[in-house]
Amino acid sequence: MNSALVASPASGSVCAGSATRRRPCAQPASASASARPASLLTPCAPPRGAAAFGGRVSLARDITREVVVCQVMAGGAFGAEESELPGEEQRQLDILSATTRRIKELGAKGRTKDAIQALADLSKQGVEPDTVAATTLVRACTRDMALAKSVFDELFVDFLQPDEVTFAVLLRGYGTSDPPAWTNIDATLTSMSKTYNIEPTSTCYNVLLEVCARTNDLDRGQDVIDRMVADEVLPDEFSLEAVAKRRVLRSYLKKNFDRGPRAFNRNGGGMMISAPQLTFRIKGCTNADVLAALVEEHRNRLDHIHAATALHHAARLSARSSVQLRVISQLVQVARQHLQQMRPQQLSNTAWALAKLGHVDAVFMAALVQAASSQLRNFNPQNLANTAWALATLGHADAVFIAALVQAASSQLHNFEPQNLANTAWALATIGHVDAVFMGALLQAASSQLRSFNPQNLANTVWALAAMGHADAVFIGALVQAASSQLRSFNSQELANTAWALATMGHVDVVFIDALLQAASSQLRSFNSQDLANTAWALATMGHADAVFIGALVQAASSQLRRFMPQNLANTAWALATMGHADAVFIGALVQAASSQLRRFMPQNLANTAWALATMGHADAVFIGALVQAASSQLHSFTPQNLANTAWALATIGHADAAFMGALVQAASSQLCSFTPQELANMAWALAALDEKNAAFLGALLEQAGTCAMDFSASQLRQLFQNMLWLDAWQQVAPAVPPHLFAACKKAWLEEVSNTTVSRTQLQVLGAIPQLPDCSDASSEHQTDDGLFSIDIALQLPGSDQKLAVEADGPTHFLSNTPTGPTGATRLRNRLLEARGWRVVSVPVTEWDRHVPKGAQAARDYLTSLGVRG
């Protein structure tokens, strides 16, 4: 019996299709076949009469007879000898296979008449139907069992020989009636044995057990098992699955066959369990240790079926102890010796099992892929999806095989179930196999099934689309809608991956994200480090700053920081900085966790971390020094954005390291033509803020900026202008500035200077200064002689040429973890004012607010301590 025609481990359903179109040999009648329990198939309800379906039965009879008549007239009687021409034989086989698949598809859609016509049309192509095609047609008609029986009679009575699968299809059809048509089932079994001399094996008994389990007919199910014992029919790997949901039947089956029939051991004499019973026992192992012991006991007689079944079962039991790992290696060795004998189901199950067990064996997987290559046309949707998933999980990216698998899957996508679709998409994304045409077809197939996708299917699919850059707005919108009603059932990883994917594809749906965060709030303790980092990154990328949720996320992350990988740490820091969520305690802990991993930080991790700390104003000199040291050896791998962001960050924090900046400038020199306007502006501003003088590089940078002057934003032009003002101090050594660029930068700068506001603190300080000795001549928003700066409070000291610029500086002028430490922007402002003859006094708002409540004298004393005096 070709078990590939019968069932798959996933469903146990009877399947009429087959890769090898050979007719199975009928088994000889058993001596005990006549001794059937009388109560086994007692009818539960009278069968429906065929007269009720007279019209459709007549239609089937007319069309199926057309097949027979056309074949006879063409000289192609069903028993005729096959063509001797290999090309002609292959042509007929291809047509027959395609027609069989077509009949199956039509049957699944309920288009019975078209399915019958498809078989009839074979005669027009000079091709004879075979048992598989005819059985497939019977299966296509099983929604109407009177019609199915009529088709069976017309095709098999005189012209074709049915096999056990044919009868299994009829049995399943009668079994799906409500209640099951046991009288018809009994008649079918009788006809099978007496008319066609085919005795039922586990194939048919599995169908009967499945019917009994589905209808909870426990008594009849036990009768079926008794009949199997009496007829010495051993259960196979699918028998347990047929009764898996009925504990009584499952236990009864195990009890009978643990002491059931045994086969003769021809090598050593005596008795031993048969190969099918060994398979059954493997499937029945309740834990990994029992499985390991069974495999060890029978290690010298294991075949490909045993190896595939045992590996699959081990994976389901999650068997990975040291003892069991030796058994797994032994099973892999057995499988290696028998790969060419494995059918699609066994190949895909073996691959799936090794992936599930995390057993990486590149040589074996290469051999398995080679064995599978010639059978891909016969892989069903689950075989294809499971194989793709396994290769992706094991990191075995064989581009040629994956392309062939995709091609084989293309014609079957309409038969893929939600999990098959999601796993295939996930696998291709993980392997990095981008096929836009196939993905378009996959999404089309998925669209009509989205309501049946479970949370994992939805999350894996949207993750795959994001990873492959396949943003289909219509499909994503439909997926989001389907996910909305299931968000409470999403686990932490599914929530995080969904948020990450939507952010990556730029699909912002505020209502959905709010609902996602609500579902995530109650699970934050279950989020692992990557889930937390991905969620934070996604919210920052989408600009969805929910302060309450971010606060809870930070709290959940605090206890896991030691488990964060470098990218998790960098992404979390970047996200918090982007959303403006500065939590000094948490950032301090994050910096501590990152310190021990800096050597494993990639260039982007280093740059993003530096940028985040600078954006949040968190200056930790020791950590930044270590980060700079770690970055030094990787500068050649830094992208323009990495280089510019790192320079900007060091300048903002005020971390001057001439040697490192020299190396960074050297790395940037060869990439200047690839710098974006923002990167050029950040780099120029950073060099000015750090007072890093490199005339050659600055000249090249400004020349490059001149080529894209129209692409700079106003804020970027102001950054460039600060660099130009800094260059004024160089006099003879300053590089030339392109005139059109200078004009654009100056215009943007003056627009900002004229747009001034007076703060509360500025007014208070202005009111206090005249009360100091010789400080009566104070003015607000005083412009410098060149009109390029507006000073908060200007004071000309009497009897002196000294000019005092008093700046009421708010929190943004200082680092967050050192409130009196000026940022790079504040330092640069002060230097540019000093270059114009002004002595700058900075009055931090936080300090001023601390002294003012103590009285006017305390405020005046504070100003005097800062140097505001005549």
Side-chain angles (χ1 to χ4, degrees), residues 614-615 644-645 647-649 651-652 654 675-695 697-731 733-759 762 779-794 803 805-810 812-814 822-840 842:
T615 300
N645 282 359
W648 178 90
T652 298
F675 274 51
T676 65
Q678 182 175 359
E679 291 155 7
L680 290 168
N682 281 353
M683 181 64 77
W685 179 88
L687 294 175
L690 290 170
D691 200 26
E692 288 289 336
K693 299 180 178 68
N694 186 315
F697 178 75
L698 276 166
L701 186 152
L702 292 172
E703 183 180 353
Q704 180 65 27
T707 65
C708 55
M710 300 298 293
D711 298 326
F712 288 95
S713 67
S715 63
Q716 292 161 3
L717 288 169
R718 289 193 291 273
Q719 281 182 296
L720 287 171
F721 193 67
Q722 286 178 293
N723 178 275
M724 295 171 188
L725 293 176
W726 167 66
L727 289 176
D728 280 346
W730 283 26
Q731 298 178 356
V733 296
V737 178
H740 68 288
L741 178 64
F742 179 84
C745 291
K746 184 175 182 179
K747 179 183 177 182
W749 179 264
L750 290 175
E751 288 174 353
E752 183 69 12
V753 169
S754 64
N755 184 25
T756 59
T757 58
V758 179
S759 68
Q762 183 177 340
S779 62
S780 178
E781 295 302 332
H782 176 86
Q783 287 197 351
T784 57
D785 293 341
D786 56 11
L788 297 178
F789 290 88
S790 180
I791 299 171
D792 284 354
I793 301 168
K803 298 179 291 184
V806 180
E807 295 288 339
D809 291 332
T812 58
H813 285 269
F814 302 95
T823 64
T826 305
R827 292 173 187 270
L828 180 58
R829 178 204 66 186
N830 295 347
R831 288 210 313 272
L832 294 176
L833 284 173
E834 289 167 358
R836 284 158 178 75
W838 293 85
R839 180 168 67 87
V840 181
S842 175

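Note that these values count all heavy atoms, side chains included, but never hydrogens, waters or copies made by symmetry. This one's a predicted model, so the numbers in the text were calculated from it and none came from an experiment.
Separating the NZ atom in K746 from the CG atom in L788 is a distance of 6.0 Å, to the nearest 0.5 Å. The CE atom of M724 lies 12.0 Å from the CH2 atom of W749; values are rounded to the nearest 0.5 Å. Taking CD from E834 and CZ from R829, the interatomic distance works out to 10.0 Å, rounded to the nearest 0.5 Å. In this structure, the separation between OG1 on T784 and CG on L832 is 10.5 Å, given to the nearest 0.5 Å. One distance of note links CZ of R839 with CG of L833; it measures 13.0 Å at 0.5 Å rounding. Rounding to the nearest 0.5 Å places CD of Q783 at 8.0 Å from OG1 of T756.
Considering Q722, Q719, Q716 as possible partners of W685, the one that fulfils the side-chain hydrogen bond (donor to acceptor under 3.5 Å, both in side chains) test is Q722.
No more than 12 heavy atoms of other residues, nucleotides or ligands lie within 6.0 Å of CD in Q678, so this atom counts as exposed by the packing criterion. Enclosure of atom CD in Q704 by more than 12 non-hydrogen atoms of other residues, nucleotides or ligands within 6.0 angstrom is indicated. By the neighbour-count criterion of 12 heavy atoms within 6.0 Å, atom CG of D785 is sparsely surrounded, having that number or fewer from other residues, nucleotides or ligands.
Checking side-chain atoms of N723 against main-chain N and O of A684 turns up a donor-acceptor pair under 3.5 Å. Of the possible polar contacts, none joining the D792 side chain to the Q762 backbone as a donor-acceptor pair under 3.5 Å is found. With hydrogens and angles ignored, the 3.5 Å screen pairs a side-chain donor or acceptor of R831 with a backbone N or O of A689.
Between L741 and A709, the shortest heavy-atom distance links the atoms CD1-CB, 4.0 Å. Across T823 and T812, no two heavy atoms sit closer than the pair CG2-O, 3.8 Å. Annotation for H740 and G706: closest pair NE2-O, 2.8 Å, computed over non-hydrogen atoms. Contact detail for L720 and A705: the closest heavy-atom pair is CD1-CB, 4.5 Å. Contact detail for L690 and A647: the closest heavy-atom pair is CD1-O, 4.3 Å. Of all the heavy atoms in C708 and L680, the pair that sits closest is SG-CD1, 4.0 Å.
In this pair, F742 and F721 present their aromatic rings tilted. The plane angle is within the 30 to 60° band.
With sequence neighbours excluded, the residues satisfying salt bridge (Lys or Arg N to Asp or Glu O under 4.0 Å) with E752 are R718. A search for side-chain contact (heavy atoms from CB on, under 4.5 Å) contacts involving A614 returns W648, A649, T652, I653, not counting sequence neighbours.
Side-chain contact between S842 and H813: absent, with no pair of heavy atoms (C-beta onward) separated by less than 4.5 Å. Using a 4.5 Å heavy-atom cutoff, the side chains of E781 and V758 are in contact. Using a 4.5 Å heavy-atom threshold, the side chains of F697 and M683 count as touching. Contact check for L717 versus K747: no side-chain heavy atoms found under the 4.5 Å cut-off.
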Query raised in the report: Given the rule in the side chain to side chain contact (heavy atoms under 4.5 Å, CB included) test, do R836 and L725 qualify, once you have shown the distances and angles that lead to the verdict?
Result: CA-CA 11 Å; R836 284 158 178 75; L725 293 176; 3.4 Å; yes
